[in-house]
Amino acid sequence: MATEEPLPPPPLSQLHGVVIISLPPPDDPSKGKTITAFTLSDSAPLHHPPPSPPQQQPSRSPPSPERRRVLSSSARKALASVLGASFLVFSLGLCLFSEAPLELLGSGSEEEGRARDEARSFLLPLYPKTRGRVLREVGDIKLAATRDEDGMEGVRLAKQGSKMTVSPSSSSFSSSSSSSSSVNSTVALPIQGNVFPDGQYYTSIFVGNPPRPYFLDVDTGSDLTWIQCDAPCASCAKGPHPLYKPAKGKIVPPRDLLCQELQGNQKSCESCLQCDYEIEYADRSSSMGVLARDEMHLIATNGDREKLSFVFGCAYDQQGQLLASPAKTDGILGLSSAKISLPSQLASQGIISNVIGHCITSEPNGGGYMFLGDDFVPVWGMTWVPARSGLVNFYYTEVQKVNYGDVTLSAGGQKSNLVQVIFDSGSSYTFFPNEAYNNLIASFKNLPSGLARDDSDQTLPVCWRADFPVRSVKDVKRFFKPLTLQFRKRWWVMPTTFTIPPEGYLLISGEGNVCLGILNGMEIHHGSTIIIGDVSLRGKLVVYDNVRNKIGWARSDCAKPQKTSSFPFFF
């Protein structure tokens with residue numbers, strides 16, 4: 001009786017080719033699609049099975065139930081491998097090639113590490129202002145633009161001349177020692193305000209001993225933080241709080257290193273007893289004063305209070321919009337990359353890493369938050385571009401192309417022709433170069449018949465009246481297309497983009513019209529520069545990393561800062 005030949009063993013491993021195509025978001029086709037091809041194998045070592053012995057019979061017998069189970073198991077493993085790889089590539093695609101919503105970033109276990117996080121973090125809000133501010137045609141610009149002795153624009157320079165001598169108050173100042181600050185802490189502050197009608201976002205800080213609150217305009221385009229000051233005051237706007245009174249011994253002398261940094265190449269006055277400054281902004285408003293050094297008080301999220309040494313401007317003479325505006329703030333919070341800015345001062349003391357961020361909600365009357373330090377910088381989902389360095393301390397980079405939908409408004413072309421982009425939270429509106437602005441206005445000629453230009457509305461240069469009730473931008477956004485700022489391509493494949501949806505450049509005026517929140521840079525003598533202001537910064541977390549010299553952003557509802565976990569898509 002012949003013995004039955006055993007079946008040959010199945011192959012120990014198989015190679016599976018996988019091709020994954022990830023399509024762009026429907027509302028942003030500029031991101032393109034990604035095609036990825038790779039192979040997967042089973043966990044067993046790769047080798048070819050030995051050849052089966054020749055069969056005597058011409059036809060094969062059907063596979064046994066055992067073999068069918070083996071084949072079915074291999075198919076399931078292959079399918080699981082393909083699905084797992086697809087999910088991994090999709091996740092990495094969101095993290096690497098798109099402005100992933102911050103809401104996708106997992107916050108991890110809230111209980112895990114809560115005590116450590118709270119001990120190292122501070123929160124500051126952004127507050128709304130009272131209504132009633134009268135907007136000028138070009139909006140509110142807090143982009144410092146002072147000149148040096150040769151009249152050349154560039155490094156912001158304090159100009160000395162006929163200035164008032166400060167008479168400090170003789171009241172005693174408590175000399176209690178400051179508590180030791182935590183190294184690499186993060187300060188987070190709530191933000192409130194709006195683009196229209198107030199035109200600014202501000203936060204609250206506490207200065208002096210005893211500490212007193214001051215509302216300051218959050219401004220990434222300014223070096224110096226200054227507070228309206230009774231020194232005495234020659235020209236001050238009526239703010240929400242009493243003027244700051246400089247105590248005896250708190251005025252900074254000219255030989256101080258921060259004074260020399262502020263005044264640049266100007267010769268210091270050896271006989272002077274104070275460090276004078278004068279700053280002019282892009283809207284031709286100005287502030288004059290002297291430097292003071294006092295305590296800043298920050299409250300941690302766990303209730304601990306930190307006392308920090310802080311140099312700021314004691315501003316006794318404001319002119320222009322700074323004086324006329326009923327904005328209900330006490331001064332400006334300078335957040336640029338200059339050494340005298342608040343984040344740089346805190347970083348030089350080892351208190352924080354020199355990283356700042358702000359997140360302004362997209363709600364018309366919403367607020368947001370800002371932070372000093374790097375604890376709230378997401379690990380995943382951020383889009384980053386290199387920050388350029390030069391004579392100015394603005395946060396700026398370069399863009400290759402500006403699109404309105406599929407229409408190119410401006411193209412930089414060669415490297416020498418790239419368009420500069422400044423991120424400026426002190427500007428109410430966004431400003432485009434003259435060419436891009438005119439092309440954008442021309443693109444609006446094809447708007448539906450339901451919208452018509454209304455030149456009688458002087459809220460902004462361009463407004464439209466709709467033939468239907470308009471309560472918010474949501475009612476008209478379908479008629480407009482997103483704006484896209486395209487930076488250099490990553491890995492020579494995917495362009496880096498900053499997308500401004502219609503709600504990021506449209507406003508509803510007091511007359512119920514739709515108005516364009518993008519203005520011509522020629523109005524403020526920046527005809528070749530893009531300035532991204534508050535109207536287009538809403539709905540995004542924007543981070544300025546002065547340690548790694550880069551700028552990043554991610555979409556967010558800006559409800560509260562989050563600590564991110566090591567991977568965003570798993571619990």
Side-chain angles (χ1 to χ4, degrees), residues 126-142 191-202 217 282-283 285 321 324-329 360-368 404 424-432 436-438 440-483 500-524 531-539:
L126 297 181
Y127 296 101
K129 295 186 176 128
T130 56
R131 299 176 64 89
R133 178 172 188 161
V134 179
L135 290 177
R136 300 177 304 109
E137 182 175 338
V138 296
D140 195 40
I141 307 298
K142 294 295 187 302
I191 294 177
Q192 294 197 21
N194 54 65
V195 176
F196 180 83
D198 294 334
Q200 290 175 321
Y201 290 87
Y202 72 96
D217 183 5
D283 63 357
S285 60
Q321 187 73 1
S325 169
K328 301 301 182 183
T329 53
I360 303 172
T361 178
S362 57
E363 296 299 323
N365 294 313
Y404 174 70
D424 180 23
S425 66
S427 295
S428 304
Y429 305 114
T430 291
F431 290 80
F432 270 10
Y437 178 80
N438 290 331
L440 177 62
I441 299 302
S443 299
F444 292 142
K445 293 180 179 179
N446 298 323
L447 288 176
S449 57
L451 294 175
R453 282 283 296 267
D454 185 1
D455 295 332
S456 65
D457 191 340
Q458 298 297 311
T459 302
L460 288 168
V462 178
C463 293
W464 298 272
R465 181 173 296 280
D467 57 6
F468 53 89
V470 177
R471 293 176 296 272
S472 70
V473 174
K474 295 179 181 178
D475 297 331
V476 295
K477 63 177 295 184
R478 66 184 184 276
F479 300 124
F480 296 86
K481 301 176 183 179
L483 286 160
I500 306 175
E503 56 268 30
Y505 61 83
L506 296 176
L507 297 167
I508 305 301
S509 72
E511 299 184 19
N513 289 339
V514 183
C515 295
L516 179 63
I518 297 177
L519 309 179
N520 193 335
M522 295 292 290
E523 301 281 357
I524 55 169
I531 299 176
I532 302 179
D534 290 335
V535 65
S536 303
L537 294 173
R538 296 176 300 172

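Side-chain atoms are counted along with the backbone in the values below, which use heavy atoms only and exclude waters and symmetry mates. The first residue in the sequence is number 1, and the count goes up from there. Remember, it's a predicted structure, so these values are computed and weren't measured experimentally.
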Locate the shortest heavy-atom distance separating [X] from [Y]; write the atom from each residue and the value.
{"X": "P461", "Y": "L519", "result": "CD-CD2, 3.5 Å"}
{"X": "A466", "Y": "L451", "result": "CB-CD2, 3.5 Å"}
{"X": "V473", "Y": "I508", "result": "N-CG1, 3.9 Å"}
{"X": "S449", "Y": "D467", "result": "O-OD2, 4.5 Å"}

With no hydrogens and no angle check, is any side-chain donor or acceptor of [X] less than 3.5 Å from a backbone partner on [Y]?
{"X": "T361", "Y": "G367", "answer": "no"}
{"X": "R465", "Y": "D457", "answer": "no"}
{"X": "Q458", "Y": "D455", "answer": "yes"}
{"X": "D475", "Y": "R471", "answer": "yes"}
{"X": "Y404", "Y": "K481", "answer": "yes"}

Rounded to the nearest 0.5 Å, what separates atom [atom1] in [X] from atom [atom2] in [Y]?
{"X": "I441", "Y": "L516", "atom1": "CD1", "atom2": "CG", "answer": "5.0 Å"}
{"X": "Y505", "Y": "C515", "atom1": "OH", "atom2": "SG", "answer": "13.5 Å"}
{"X": "D534", "Y": "Y429", "atom1": "CG", "atom2": "OH", "answer": "10.0 Å"}
{"X": "D424", "Y": "S536", "atom1": "CG", "atom2": "OG", "answer": "12.0 Å"}
{"X": "T430", "Y": "L483", "atom1": "OG1", "atom2": "CG", "answer": "9.0 Å"}
{"X": "D217", "Y": "Y201", "atom1": "CG", "atom2": "OH", "answer": "11.5 Å"}

pair [X]-[Y]: side-chain heavy atoms closer than 4.5 Å:
{"X": "T459", "Y": "N513", "result": "no"}
{"X": "L460", "Y": "S509", "result": "no"}
{"X": "V470", "Y": "W464", "result": "no"}
{"X": "V462", "Y": "Y437", "result": "yes"}

- Query: If you measure only the distance, is there a donor-acceptor pair under 3.5 Å linking the side chains of D283 and Q321?
  - Reply: no
- F479 vs F468 aromatic rings, parallel, tilted or perpendicular, using cut-offs 30° and 60°? tilted
